[in-house]
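All chains are named by letter (A, B, ...) in the order of the sequence lines, taking the proteins before the strands, and each is independently numbered beginning at 1. These numbers come from a predicted model, not from an experiment.
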Amino acid sequence: MAVLKKEFHIHKNDFFRAGEASISIKNLLKALGIRPQIIRRVAICGYEGEMNVVMHGGDGKIIVEICPESILLLITDNGSGIPDIPLAMTKGYSTATEKYREMGFGAGMGLPNMKKNADSFAIDSVVGEGTNVRMGFSLTSKKE
Amino acid sequence: MKNRQGKPSVEELARELGLEIVAGEKGSGRLIEDGYCGDLLSDVMGNAPPGCIWITIQGHQNIVAVALLREMAAIVIAGGFTPDNDTVLRADQEGIPLLRWPGSSYELAGKLHAIGIKGEDPDKGK
Ligand SMILES: Nc1ncnc2c1ncn2[C@@H]1O[C@H](COP(=O)(O)OP(=O)(O)OP(=O)(O)O)[C@@H](O)[C@H]1O
Ligand SMILES: [Mg+2]
């Protein structure tokens, strides 16, 4: 059972606030005394997930659950969904628009980064309905 | 120019190399532990070391979020690019030093390397 649960809203194309939710989560984990190595990985996953909702998804939210032995990040949106998940997970694959690419997004590294930095990673998506990404971080993990 | 720990602060470095501090002066006492260059945000997000000085040509305000999340010491906008007004506002709010360098990223990285900011990957060869 979660000891602490927080929810943050993410809005499509809202660049001004993009990253804010992950920054709040990072500050929360810091205040709770979570190890910096774990905070670093949660921050990467939160940011990449948040940016994907802003850029490709729709409106959505990011939920963080802090349990005695783990942290859970759940990122959901009601956007267009992902037709081919293995393809989307491929390093370098991106459908980012020219405008986003000019801003340095669209390397096609966000989802691979998330998978690499979380201790558990699951994604499901329905075209036309939205996408869910669920990531877990063990508080006893030795992963750097 | 280096302090006891052998690492320059942002302010010391700016003075030494002639970098212009555009915003976030509040944080200019931070020590520079390492360096990173990159313009692709998910590469920087995944690989920039904590406490680094980050050289980029991106000037939009999302770079401040990246710097905060990666616990960077400072951001340098190279290549003569100018940060957006929102970027300046946010860097001031958050106390993340935002600097400018008129030359290329490569040139500045070379200067940083020469004064001992090596940016070597601690995982290399593992
Ligand atoms: N929430 C989402 N909704 C719809 N499509 C998505 C979502 N997240 C990812 N995608 C699709 O998966 C692709 C790959 O995502 P990934 O995060 O790996 O790269 P990117 O966002 O395109 O670029 P980067 O993250 O490197 O800036 C995206 O280009 C997009 O087509
Ligand atoms: Mg992405």
Side-chain angles (χ1 to χ4, degrees), chain A residues 8 10 13-30 35-52 54-56 62 89 91-94 96 99-118 143-144, chain B residues 24 27 33-34 36-52 54-73 75-79 81-96 98 105 121-126:
Chain A
F8 303 85
I10 311 170
N13 292 318
D14 182 0
F15 264 92
F16 197 78
R17 276 181 293 176
E20 295 279 291
S22 303
I23 291 167
S24 302
I25 291 170
K26 174 172 173 285
N27 291 339
L28 173 70
L29 299 181
K30 214 170 163 180
R35 282 196 298 134
Q37 290 88 338
I38 295 172
I39 300 182
R40 223 165 272 156
R41 295 194 283 114
V42 174
I44 293 173
C45 294
Y47 173 81
E48 294 293 0
E50 216 180 317
M51 287 318 306
N52 279 355
V54 169
M55 275 200 290
H56 317 290
I62 173 165
M89 292 298 304
K91 265 188 194 168
Y93 175 81
S94 174
K99 179 192 141 220
Y100 283 133
R101 285 176 202 263
E102 275 171 17
M103 295 172 79
F105 300 104
M109 283 172 64
L111 288 172
N113 269 357
M114 288 154 84
K115 186 168 182 193
K116 180 176 149 205
N117 283 286
K143 192 166 166 174
E144 285 301 298
Chain B
E33 316 264 348
D34 211 328
Y36 201 76
C37 274
D39 306 315
L40 287 174
L41 300 184
S42 54
D43 165 57
V44 176
M45 198 59 214
N47 299 310
C52 71
W54 170 30
I55 310 171
T56 184
I57 59 169
Q58 298 295 347
H60 59 78
Q61 51 100 22
N62 204 257
I63 62 173
V64 180
V66 172
L68 281 172
L69 286 166
R70 291 305 293 179
E71 311 215 293
M72 294 181 179
I75 310 170
V76 186
I77 301 183
F81 288 90
T82 314
D84 298 348
N85 288 338
D86 289 341
T87 313
V88 171
L89 282 176
R90 249 189 125 182
D92 271 334
Q93 252 168 32
E94 304 287 353
I96 285 268
L98 185 66
S105 298
D121 183 356
D123 296 332
K124 203 162 62 185
K126 259 192 205 164

side-chain contact (heavy atoms from CB on, under 4.5 Å) between Asn62(B) and Met51(A), intermediate numbers included: CA-CA 10 Å; Asn62(B) 204 257; Met51(A) 287 318 306; 3.8 Å; yes
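One finds the CZ atom of Arg90(B) at 4.0 Å from the CD atom of Glu20(A) (value rounded to the nearest 0.5 Å). Taken from CZ in Arg17(A) to CD in Gln61(B), the straight-line distance is 11.0 Å, to the nearest 0.5 Å.
When each of Gly108(A), Ala43(A), Pro36(A), Gly19(A) is checked for heavy-atom pairs under 4.5 Å with chain B, Ala43(A) comes out on top. Interface remark: of the candidates Glu102(A), Glu48(A), Met103(A), Lys116(A), Met103(A) forms the most heavy-atom pairs closer than 4.5 Å to chain B.
Take Ile57(B) and apply the side-chain contact (heavy atoms from CB on, under 4.5 Å) test, not counting sequence neighbours, and it matches Asp39(B), Phe81(B), Ser105(B). Applying the side-chain contact (heavy atoms from CB on, under 4.5 Å) test to Asp43(B) and every residue at least two apart in sequence or in another chain returns Met109(A), Tyr36(B), Leu40(B), Asn47(B).
For CG of Asn13(A), the number of neighbouring non-hydrogen atoms (other residues, nucleotides, ligands) closer than 6.0 Å is greater than 12.
For Lys91(A), no part sits under 4.5 Å from any heavy atom of chain B, backbone or side chain.
The minimum heavy-atom distance linking Ser42(B) with Ala107(A) is given by the pair OG-CB, 3.7 Å.
A salt bridge links Glu71(B) with Lys26(A); the closest basic N to acidic carboxylate O contact falls under 4.0 Å.
A heavy-atom distance below 4.5 Å is found between the side chains of Leu69(B) and Ile23(A).
Of the possible donor and acceptor atoms, none in the side chain of Asn113(A) sits under 3.5 Å from a partner among the backbone N and O of Met45(B).
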